Amino acid sequence: MDIPPKFKSQEIEDKWYQYWIDNQYFRSIPDAREPYTIVIPPPNVTGVLHMGHMLNNSLQDILIRRARMKGFNACWVPGTDHASIATEAKVVAKLKKEGIEKSDLSRDEFMKHAWEWTHEYGGVILDQLKKLGCSCDWDRTQFTLNDNLSASVIKVFVDLYQKGLIYKGYRMVNWDPEAQTTLSDEEVIHEEKQGLLYYINYPLAEDEGSLTIATTRPETIFGDTAICIHPKDERFTMLHGKKAIVPIVGREIPIILDDYVDPAFGTGCLKVTPAHDPNDKALGERHQLEVIDVFHPDGRLNEHAGDWEGEDRFVARKSFIKALEKEGFLVKKENHINNVGTSERTKAVIEPRLSDQWFLKMETLAEPAIKAVLESEEVALLPKKFKNTYRHWMENIRDWNISRQLWWGHQIPAYYYGKGKNDFVVAATQDKALSLAQEKTGNPKLTVADLRQDEDVLDTWFSSWLWPISVFDGVVHPENEEVNYYYPTQDLVTGPDILFFWVARMIISGYELRQKPPFEKVYLTGLVRDKQGRKMSKQLGNSPDALGLIDTFGADAVRVGLMLSTAAGNDLLFDESLCQQGKNFSNKIWNAYRLIQSWEVSDHSLSPAADVALEWYENSFNRALEQVEDHFSKYRVSDALMTLYKLVWDDFCSWLLEAIKTPDNSIDILTKTRVIALFENNLRVLHPFMPFLTEELWHFCGTRTPNEALVISQWPTPAPFDKKLLDDFDQIQQLIGAVRKFRKEKNIGFKAAIQLHVINDKTPWNQYESLLKQLGFIENFLYESPSDSQMGGTFRVGGAEFFIPLEGRIDVDAERQKLEEELQYAQGFLQSVEKKLSNERFVNNAPKQVVAIEKKKAADAVLKIRVLKESLAKLMQ
RNA sequence: GGGUGUUUAGCUCAGUUGGUUUAGAGCGCUACCUUGACAGGGUAGAAGUCAGCGGUUCGAAUCCGUUAACACCCACCA
């Protein structure tokens with residue numbers, strides 16, 4: 001068989017993915033096995049694969065593939081999210097390009113466009129996940145606007161409404177003037193921005209003079225309905241009970257007293273605009289102030305703004321200040337850093353706005369979810385540091401604004417039958433709503449035509465928070481077999497940026513709906529940054545093209561590159577060279593196989609060297625496997641991979657294969673069989689990380705039926721290993737290293753024969769003689785000290801000293817220097833150990849083991865020093 | 001303003017309840033090595049006052065305090 005020397009990942013990836021799909025290895029249906037379930041964090045339906053997706057989906061795939069091989073019924077549920085605001089924004093932008101305004105369309109027409117868009121671009125990201133190798137059960141693919149998921153959302157809304165947990169309220173909410181919808185607090189990003197603080201004079205109404213206020217938002221002056229001062233502020237006692245006049249506007253407003261005002265800030269006088277600031281609104285309520293909203297929904301000023309009507313708020317700010325300046329009302333401007341809220345999606349500056357919205361009461365709902373993470377640990381957050389963040393948010397949780405003034409989403413199932421604000425009923429269907437409305441009004445003649453459904457849709461996260469239950473249809477049919485089998489799921493892998501948006505709320509809904517957590521472990525990945533530590537973003541253009549990377553390096557290589565750099569919760573600085581490392585590793589494994597398969601079987605008897613090396617590798621593998629299991633149990637995926645990387649590259653390739661290979665490329669059948677078996681075990685443990693390469697090689701190793709594919713093969717069972725054997729071999733490796741170094745220092749050719757005297761022998765070197773000879777390092781072992789007149793060089797490995805004769809080649813000075821350096825180090829070391837041992841408190845207080853170890857260290861050091869001194873003395877003769 | 005975390009070799013990071021460590025890995029770097037698995041390779045090597053200061057302890061990269069830099073989260077002071 002002719003196998004090319006370079007591994008071309010791209011040529012085999014599609015083949016094997018199709019093979020896995022055709023044989024339904026990823027399909028999961030409930031059976032007698034124990035389930036292992038992951039639900040995917042559903043990406044935005046119109047999204048494209050980026051580095052963050054690659055990272056957390058690679059992780060999920062590693063976990064799920066390993067679980068599958070360990071005999072679990074592995075089920076990874078894929079799907080997408082309708083992403084209300086993001087998708088709607090994209091559709092609106094696309095329509096605008098075509099010359100169509102959203103306002104020109106009816107709701108139905110718009111929805112048609114949105115669905116078209118979704119069908120055209122939707123799910124592209126899922127195909128991209130297949131390129132990465134993700135082993136999702138595609139028959140289970142879900143979308144948050146599918147009928148069954150929509151039914152779940154509506155049912156939950158109705159149920160929570162009936163429980164009194166959902167209510168409608170006139171509240172100050174976060175308004176995104178660009179998307180023209182409200183946002184939840186979590187969707188608002190606060191940024192510190194350099195701004196200006198304007199000092200403006202307000203003339204007094206009945207008296208001479210004026211007062212000065214300080215504001216960052218002069219354009220809201222049109223909505224001023226009071227000036228507020230601190231009741232105990234003695235500077236302003238004379239203003240008590242007076243009135244002021246809003247400059248330019250000319251309106252007379254009262255001066256009120258409230259200790260909310262901080263006398264130290266600005267001038268101590270605060271202009272009160274109840275329609276446009278949450279604090280002012282609270283003040284307004286306490287003092288029964290008028291509320292004047294001065295903005296249109298798109299952020300332009302409205303009819304209250306006089307000459308400024310129709311101007312954008314930020315344009316108006318500047319022009320209005322000019323007017324104030326001209327009229328002499330502006331006192332001064334000062335630099336001021338303020339916190340500006342912006343929309344997570346549109347980046348527009350958020351406007352606090354009063355409006356009717358739907359809310360979900362969170363406080364009591366959150367209680368079991370708090371306990372689950374902080375007390376019972378039914379849900380574990382990894383890394384643990386996120387528990388604090390979680391606690392802080394959950395304990396200060398506020399009601400969730402769940403309505404959005406958008407069309408793309410789940411329309412709120414509230415039906416109005418009259419003009420009044422509260423003339424509505426909440427029901428899952430129109431029919432049900434009608435009968436409820438008839439009942440409530442006592443009017444049996446009410447018809448469907450009299451009902452008007454609420455225009456708003458629900459926040460996207462109001463469907464995502466049900467995801468682990470709704471994908472198994474567990475909301476509408478809580479006792480169905482699937483949800484009982486798969487729920488709770490095991491692991492969730494996602495980014496910490498959606499800890500509150502999503503993770504916390506899923507935990508809440510899990511306890512509310514099923515009295516059980518949605519998952520056991522939450523693995524929070526870090527953010528993917530570029531190698532300069534910057535966040536990857538479109539604007540910076542520093543985000544590599546995910547599919548391009550797969551194309552260049554191969555999916556396995558990219559997965560390895562990503563995994564090598566990530567510990568849970570730590571951000572990772574991504575550098576393409578990591579993918580190159582992954583590619584090199586793929587190639588190394590590929591070539592290891594090429595060597596093995598090239599061996600011609602001979603009737604040689606098993607070589608003693610090969611036997612020793614094989615036995616050693618079997619033990620080494622089991623040690624590595626134990627470490628890998630330990631790393632996985634702690635979700636240290638990166639460490640698990642590194643352990644395997646070293647096992648395969650160093651132990652398998654550099655030691656085992658080097659020890660076995662023969663000059664004539666022939667080998668006995670027994671050895672070859674054993675090596676292949678070991679190589680296959682390597683493939684098994686590597687498979688979750690590098691699924692394509694390993695499956696390809698697996699099928700090279702033998703003829704495999706679909707029932708014998710690697711993807712469904714058995715994960716090796718951890719077996720005990722002989723530590724003594726591994727330690728002895730470690731000595732051998734050190735000896736070989738020392739001989740290589742010796743040759744190099746003394747300029748002795750790699751192939752020149754040397755005799756090795758073992759001077760004080762402790763290790764059973766002779767057991768390994770055949771191996772050492774095989775590796776071509778040593779001609780002969782001599783278990784005797786050289787004669788006194790013999791010239792040569794010495795070196796030490798552990799407690800043993802070695803001597804290699806070197807006729808006339810010895811450099812006495814160099815040798816002495818080397819010995820002196822070693823001696824110095826050994827003496828320094830001994831000194832530090834002796835210092836410890838001579839300390840009575842150490843000997844009395846430290847554990848016995850530790851003292852024993854220190855004593856052994858001291859004894860070894862003493863011995864070594866004596867040997868070194870002897871050698872030195874001999875050298876000086 | 002409150003909170004959390006980070007700071008160990010040129011880079012990215014380990015170091016698990018303080019003691020087998022006068023500190024480890026991978027990559028990179030330096031020198032040497034190519035006719036058979038792989039130059040996407042091999043062998044050897046150099047490289048760190050564990051951010052600074054103070055403390056606890058027989059013993060500190062590890063615990064405590066403090067300072068500094070950076071990162072992230074939360075927060076309605078105009």
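Below, chains carry the letters A, B, ... as their sequence lines are ordered, and counting in each starts from 1. Keep in mind the model is a prediction, meaning the values are calculated, not measured.
Salt-bridge annotation for A:Glu219 and A:Arg217: present, with a side-chain N of the basic residue lying under 4.0 Å from a carboxylate O of the acidic one. In this structure, A:Asp630 pairs ionically with A:Lys634, as a charged nitrogen and a carboxylate oxygen lie closer than 4.0 Å.
Distances were taken from every side-chain heavy atom of A:Arg529 (C-beta onward) to each of B:rC72, B:rU20, B:rA37; the shortest belongs to B:rC72. The side chain of A:Lys857 lies closest to B:rU20 when the candidates are B:rA78, B:rU20, B:rG40. Closest contact between the side chain of A:Ser654 and the listed nucleotides B:rG42, B:rC58, B:rC38 involves B:rG42. Considering only side-chain atoms of A:Leu595, the nucleotide from B:rG40, B:rG45, B:rA37 that sits closest is B:rA37. Of the candidates B:rC38, B:rA37, B:rA44, B:rA37 carries the atom nearest the A:Asn665 side chain, counting heavy atoms from C-beta on.
Counting any heavy atom pair closer than 4.0 Å across all strands shown, A:Arg398 reaches sugar-phosphate atoms only and no base atom. Heavy atoms of A:Lys583 sit under 4.0 angstrom from at least one base atom. Using a 4.0 Å heavy-atom criterion, one finds that A:Val843 contacts no nucleic acid atom at all. Nucleic acid contact class of A:Lys856 (heavy atoms, under 4.0 Å, all strands): none. Residue A:Thr216 is classed as a sugar-phosphate contact, given heavy-atom separations below 4.0 Å to backbone atoms only. Among the protein residues, A:Leu573 comes within range of the sugar-phosphate backbone only, with heavy atoms under 4.0 Å from sugar or phosphate atoms but none that close to a base. A:Asn339 comes within 4.0 angstrom of a base, heavy atoms only. In this structure, A:Pro352 reaches neither bases nor backbone, as no heavy-atom distance under 4.0 Å exists between it and the strands shown. Residue A:Cys653 is in base contact, counting any heavy-atom pair closer than 4.0 Å across all strands shown. Contact annotation for A:Gly737: backbone-only contact, meaning every heavy-atom pair under 4.0 Å involves sugar-phosphate atoms and none involves a base.
Taking atom NE2 of A:His631 as the reference point, atom P of B:rG15 lies 9 Å away to the nearest angstrom. Following rounding to the nearest Å, A:Phe829 (CZ) and B:rA23 (P) show an atom-to-atom distance of 10 Å. Rounding to whole angstrom units, CD of residue A:Glu186 and P of B:rC74 are separated by 8 Å. At whole-Å resolution of the value, CG in A:Asp650 and P in B:rG24 are 17 Å apart.
Close to B:rA78, at under 4.0 Å from its OP1 or OP2, lies no side-chain N or O of A:Tyr260. Residue A:Lys646 places none of its side-chain N or O atoms closer than 4.0 Å to OP1 or OP2 of B:rG26. Taking only side-chain nitrogens and oxygens, A:Asn584 comes nearer than 4.0 Å to OP1 or OP2 of B:rG41. In this model, the phosphate group of B:rG15 is approached by a side-chain N or O of A:Arg636 to a distance below 4.0 Å at OP1 or OP2. Contact between the side-chain N/O atoms of A:Trp649 and the OP1/OP2 oxygens of B:rC27 is not found at any separation under 4.0 Å.
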Would you please test A:Phe222 and A:Phe320 for ring-ring contact (aromatic ring centres under 6.0 Å, His included) and show each step? CA-CA 11 Å; A:Phe222 303 107; A:Phe320 186 65; 4.9 Å; yes
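Toward the 5' end of RNA chain B, the nearer of the two residues A:Glu854 and A:Thr215, judged by each one's closest nucleotide, is A:Glu854. Taking for each of A:Lys8 and A:His190 the nucleotide of RNA chain B with the nearest heavy atom, the 5'-most of the two is the partner of A:Lys8.
Separation of the C1' atoms belonging to B:rU66 and B:rA46 is 37 Å when rounded to the nearest angstrom. Separating the C1' atom of B:rG10 from that of B:rG28 is a span of 7 Å, rounded to the nearest Å.
You'll find the side chain of A:Pro496 stays beyond 4.5 Å of the side chain of A:Thr389, heavy atoms only. By the 4.5 Å heavy-atom criterion applied to side chains, A:Asp277 and A:Pro352 are not counted as neighbours.
Under the stacking definition used here (centres under 5.5 Å, planes under 30°), the residue A:Tyr825 qualifies as stacked on the base of B:rU22.
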RNA chain B in dot-bracket form (Watson-Crick or G-U pairs under 3.5 Å, [ ] crossing, | inter-strand) is (((((((..((((.....[....)))).(((((.......))))).....(((((..]....))))))))))))....
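Stacking of A:Lys332 on the aromatic ring of A:Tyr199 is recorded, both the 6.0 Å distance cut-off and the 45° axial limit being met.
For a distance-only test at 3.5 Å, the side chain of A:Lys588 qualifies as a donor-acceptor partner of the base of B:rC38. In the interface, the side chain of A:Asp262 is not paired with the base of B:rA78 through any donor and acceptor atom under 3.5 Å apart.
Using modelled atom types and a 3.5 Å distance limit, the side chains of A:Asp224 and A:Tyr202 yield a donor-acceptor pair.
Among the candidates A:Asn201, A:Ile200, A:Ile255, the single residue satisfying the side-chain contact (heavy atoms from CB on, under 4.5 Å) test with A:Leu211 is A:Ile255.
Ring pair A:Phe652/A:Tyr617 is perpendicular by interplanar angle, where above 60° counts as perpendicular and below 30° as parallel.
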